[in-house]
2 protein chains.
Amino acid sequence: MIQNLTEHDRENLQESLAKSGQKVTPQREAVFTVLLADRDHPTVDEVFNRAREVMPGLSLATVYNCLETFVGCGLVRQVNHERESTRYCPNLAPHAHFRDKETGRVHDIELPADVIKSLRSILPPGFDSEAIEISFLGRAQGGDAHPTL
Amino acid sequence: MIQNLTEHDRENLQESLAKSGQKVTPQREAVFTVLLADRDHPTVDEVFNRAREVMPGLSLATVYNCLETFVGCGLVRQVNHERESTRYCPNLAPHAHFRDKETGRVHDIELPADVIKSLRSILPPGFDSEAIEISFLGRAQGGDAHPTL
DNA sequence: GGTTAGATTTTGAATCATTCTAAACAGGGA
DNA sequence: TCCCTGTTTAGAATGATTCAAAATCTAACC
């Protein structure tokens with residue numbers, strides 16, 4: 001059941017693309033819609049399959065292209081775990097990831113500003129960090145206690 | 001210039017392997033020696049090339065095997081950045097990684113216990129974490145201010 | 001309406017790190 | 001010596017991702 005984009009999301013898409021001189025296309029809209037529909041950090045393949053349901057002619061390469069474009073204009077983040085397939089996450093707020101060893105599912109963990117600050121403070125002088133990535137590996141009980149948002 | 005293992009390192013190798021019922025072999029010793037010689041987080045290929053200098057017949061598959069074995073018995077850690085080749089790190093103390101955007105080099109950053117604790121504390125109840133991975137991305141000035149340990 | 005330029009999409013081939021497979025090898029007991 | 005088991009080896013296979021080139025689309029201009 002893939003809903004259409006809300007007015008707000010569509011504008012967000014259109015503006016973010018415009019900022020880097022790019023346009024909204026039906027494919028990009030479809031891929032973006034899929035990402036927002038289920039925030040379960042899908043792989044490219046999962047996005048591809050879901051988007052196909054609504055746009056059967058869509059090609060895998062296009063999904064790669066769209067996702068790369070979105071990452072480029074800051075609409076989504078990549079999530080990697082070791083060398084497994086890259087996953088995609090439309091949550092823009094600063095957050096860490098928790099990967100469940102058993103299920104492989106990735107959960108978002110809110111990241112308070114003071115924790116970020118204390119992390120940055122461990123860098124010796126001369127190290128300028130633009131981005132921090134934090135991921136936990138372990139077991140999450142009661143899977144849905146903290147929905148995968 | 002690849003030195004031999006120190007008495008201490010050799011014992012460490014031998015004991016760690018023994019714990020999981022495995023033996024020291026010339027290949028494992030060579031690979032381990034390479035890892036300790038330059039702690040610059042080499043890729044498998046780099047390890048392979050360095051180890052070849054001292055053991056010309058060594059095969060790439062064996063390097064993969066050795067490194068996997070070492071990871072399995074806790075002698076080394078894998079370091080991943082996005083989907084680039086996996087790198088290997090013989091630093092066992094808890095530490096974060098800082099990846100220099102320009103050079104691609106990875107630096108170890110000491111990780112104080114209290115920072116680890118504050119990180120663990122952001123996990124909602126029900127999330128049990130066994131491992132945390134932290135990596136910074138940015139620019140490190142004066143490359144060797146904090147040697148790659 | 002037709003034309004052109006530029007971006008976007010598509011298909012299929014290519015790449016590259018890693019894993020797998022099956023055969024050769026080594027070394028320590030029986 | 002002969003097994004047994006673990007290890008190494010070479011090469012094939014895998015799988016995610018990227019690339020290349022042709023096809024398509026869109027918007028702007030005439």
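Each chain gets a letter, A, B and so on, in the order the sequences are listed, and its residues count up from 1.
Nucleic acid contact class of A/Thr43 (heavy atoms, under 4.0 Å, all strands): none.
As rounded to whole Å, 17 Å separates atom P of D/dT14 from atom OH of B/Tyr64. The distance from atom CZ of A/Arg83 to atom P of C/dT18 is 5 Å, rounded to the nearest whole Å. Between A/Glu68 atom CD and C/dT8 atom C1' there is a gap of 13 Å when expressed in whole angstrom units. In this entry the distance linking CZ of A/Arg87 with P of D/dT17 reads 10 Å, nearest Å. Regarding B/Asn49, its CG atom lies at a distance of 12 Å from the P atom of C/dA17, rounded to whole Å. Protein atom CD of A/Glu82 is 18 Å distant from nucleotide atom P of C/dA17, rounded to whole Å. The interatomic distance linking A/Tyr88 (OH) with D/dA16 (P) rounds to 13 Å, in whole Å. We find that CD of A/Glu84 is positioned 13 Å from C1' of C/dT18, with the value rounded to whole Å.
A/Phe70 and A/Arg28 make their closest contact through CZ-O, 3.4 Å (heavy atoms, listed as atom of the first residue, atom of the second, distance). When all heavy atoms are compared, the tightest approach of B/Leu35 to B/Val47 is CD2-CG2, 4.1 Å. Closest heavy-atom contact between A/Leu60 and A/Val44: CD1-CG1, 3.7 Å. Heavy atoms only, all atoms of each residue included: B/Ser129 and A/Phe98 are closest at CB-CE1, 4.0 Å.
Salt-bridge annotation for B/Arg99 and B/Glu82: absent, with no side-chain N of the basic residue lying under 4.0 Å from a carboxylate O of the acidic one.
Proximity of B/Thr86 to the phosphate of C/dT18: a side-chain N or O atom is located under 4.0 Å from OP1 or OP2.
For an aromatic pair to be called close, the ring centres must be under 6.0 Å apart, and B/His97 with B/His41 satisfies this.
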Between the protein and nucleotides 4-11 of chain D, are there any N/O to N/O pairs under 3.5 Å, and if so, what are the atom names and distances?
| unit_1 | atom_1 | unit_2 | atom_2 | d |
| --- | --- | --- | --- | --- |
| D/dT7 | OP1 | B/Arg28 | NH1 | 2.8 |
| D/dT7 | OP1 | B/Arg28 | NH2 | 3.3 |
| D/dT8 | OP1 | B/Thr25 | OG1 | 2.5 |
| D/dT8 | OP1 | B/Gln27 | OE1 | 3.3 |
| D/dT8 | O3' | B/Gln27 | NE2 | 3.1 |
| D/dT9 | OP2 | B/Ser59 | N | 3.3 |
| D/dT9 | OP2 | B/Thr62 | OG1 | 2.4 |

